[in-house]
Amino acid sequence: MTEGPRIDLFSDTQTRPSRPMREAMASAEVGDEQLGEDPSVRTLCAMVADLLGKEDALFLPSGTMCNEVAYRAHTQPGDEIILHETSHAVHYEVGGPAALSGVALRTLPGERGIFTAAQVRSAVRDGAPHAQRSRLVSVENTTNIGGGAVWPIDMLDAVADAARERGLATHMDGARLMNAVVASGQPAAAFARGYDSAWIDLSKGLGAPVGGVLAGSRDFIAEALRFKHQFGGAMRQAGIIAAAGIYALRHNVSRLAEDHANAQRFARLIAPIDGIELATDAIETNMIYFDVSGTGLTAPQAAERLLKRGVRIGAVSERRMRAVTHLDVDAAGVEEAAQALAAVAQAAARS
Ligand SMILES: *Cc1c(COP(=O)(O)O)cnc(C)c1O
């Protein structure tokens, strides 16, 4: 293994496949995925379709491709997607919706990455011949830049109803949906019930190395499959990586509660540090955003000093940092990371 930071809270994408996960991968049954002949991929897709309460599912190489393939399948060029201004697709997909689907994005504000049915109703265009066509509402659950917040199911249902009333399709970016499930005790299918398409990421807190699974109706998945091929996402003996996803769904879901407890622990330990301010009152899942400007350091400076102490936490702006807990950092690691942050803040105050 290469030498990295001792404690890596940069993202839950930093998880590495465990030994038993690797063993499951090594012994996976495989076939030609592109021809629909890989038994492990088929098992994984059936598991996720069932989990999300949908008819069918599609294995894709990344969560980003889940969003982009879904957007392409739901829309025509010139259409408009309504989504939160902090959405992953707005900031971290290299303009994919415009480049790959030719669509416009209509962004909505709202606390913690969440918006309301009333906002959707007023954002839907009226069908005038000179207006782009509102076609899709896309939500993120949990919210990422929104701080790992869990959408209340009644708000998700209301947003989906508002979309459907106006003939719009609905999509859920569920990169961290299983964190919402574990935090709330509500089943994944309940969160996804109003949504025509929904996906989960295997390579975040679930701890698999690669992949996302997009679910929806049989017709939607048939259409999405065309764009999976067109975007170059069809694979061959992908059972090797699907096996990691199957392992993750069987073994790594309920343990997300530990990540949530560690996030709370970290927030509790850093809240009293002079110069540190938590960005949100409630830590609902595995993310902690905090402002370091009171220490006199910028966030990138604090990140660099933490790294010298073996702790990696990302700077998301000049003032703010984001720590994300996951299965490769335990309670002791989180405590050590908080101590390192306290030491960095104290050293800055002395200088
Ligand atoms: C990480 C993430 C994605 C993209 O997933 P990748 O597997 O990294 O491509 C999409 N949406 C959200 C909310 C994410 O956090």
Side-chain angles (χ1 to χ4, degrees), residues 8-17 44 48 52 57-72 81 83-97 99-101 105 107-108 110 112-115 136-151 156 170-181 183 188 191-192 195 197-215 224 227-228 231-233 235 238 241-242 244-245 248-249 252 256 259 263 284-289 314 316 322-326:
D8 197 338
L9 296 171
F10 182 78
S11 173
D12 47 10
T13 57
Q14 300 309 303
T15 53
R16 291 165 196 247
L44 173 65
V48 175
L52 299 185
L58 196 59
F59 186 39
L60 291 164
S62 70
T64 300
M65 201 182 280
C66 290
N67 275 341
E68 297 300 336
V69 161
Y71 290 163
R72 183 68 190 86
I81 300 176
L83 74 182
H84 196 274
E85 64 191 6
T86 60
S87 300
H88 194 276
V90 173
H91 297 283
Y92 303 136
E93 298 184 13
V94 207
L100 303 172
S101 296
L105 299 181
T107 60
L108 303 178
R112 316 203 66 199
I114 291 172
F115 52 85
L136 178 71
V137 174
S138 184
V139 300
E140 200 173 285
N141 189 27
T142 64
T143 65
N144 180 344
I145 299 178
V150 178
W151 273 74
L156 284 172
T170 48
H171 172 75
M172 178 180 289
D173 171 342
R176 295 185 181 81
L177 180 57
M178 300 317 291
N179 292 85
V181 166
F191 283 106
Y195 289 75
S197 52
W199 62 272
I200 58 168
D201 215 324
L202 302 169
S203 68
K204 302 250 161 105
L206 294 180
V210 186
V213 186
L214 173 67
F227 298 113
K228 166 176 166 160
F231 292 0
M235 297 172 274
I241 51 175
L249 288 174
N252 289 351
L256 291 170
D259 301 343
E284 293 182 56
T285 56
N286 68 334
M287 295 185 176
I288 310 98
Y289 283 81
V316 294
R322 183 190 76 165
V324 187
T325 56
H326 56 76

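Predicted model, so just to flag it, every value in this text is computed and none were measured. First listed ligand is number 1; within each ligand, the first listed atom is number 1.
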*Which of these, His88, Lys204, His91, has its nearest heavy atom closest to atom 1 (C) of ligand 1?*
Lys204

*Sub-4.0 Å atoms of ligand 1 with respect to non-hydrogen atoms of Asp201*: 5 (O), 6 (P), 7 (O)

*Going through the distances and angles, do Ser11 and His326 end up as a side-chain contact (heavy atoms from CB on, under 4.5 Å)?*
CA-CA 8 Å; Ser11 173; His326 56 76; over 6 Å; no

*Contact partition for Thr64 relative to ligand 1, non-hydrogen atoms under 4.0 Å*: both

*Going by the order shown, which atoms of ligand 1 are within less than 4.0 Å of some heavy atom of Ala175?*
2 (C), 11 (N), 12 (C), 13 (C), 14 (C), 15 (O)

*Of all heavy-atom pairs between Gly245 and Ala208, which one has the smallest distance, and what is that distance?*
N-CB, 4.2 Å

*Should Met287 and Asn179 count as side-chain neighbours, where that means a heavy-atom distance under 4.5 Å?*
no

*For ligand 1, which atoms sit closer than 4.0 Å to a heavy atom of Glu140?*
13 (C)

*Flag the pair Met172 / Trp151 as yes when at least one side-chain heavy-atom distance between them is below 4.5 Å, and no otherwise.*
no

*Mind checking whether Met65 contacts ligand 1 via backbone (N, CA, C, O), side chain (CB onward), both or neither, at a 4.0 Å heavy-atom cut-off?*
neither

*asked:* For a 4.5 angstrom cut-off between non-hydrogen side-chain atoms, does Arg176 reach Asn286?
replied: yes

*Provide, to 0.1 Å, the distance between atom 11 (N) of ligand 1 and the closest protein heavy atom, together with that atom's residue and name.*
Asp173 OD2, 2.5 Å

*asked:* Can you confirm whether or not the ring centre of Phe59 sits under 6.0 Å from the ring centre of Trp199?
replied: no

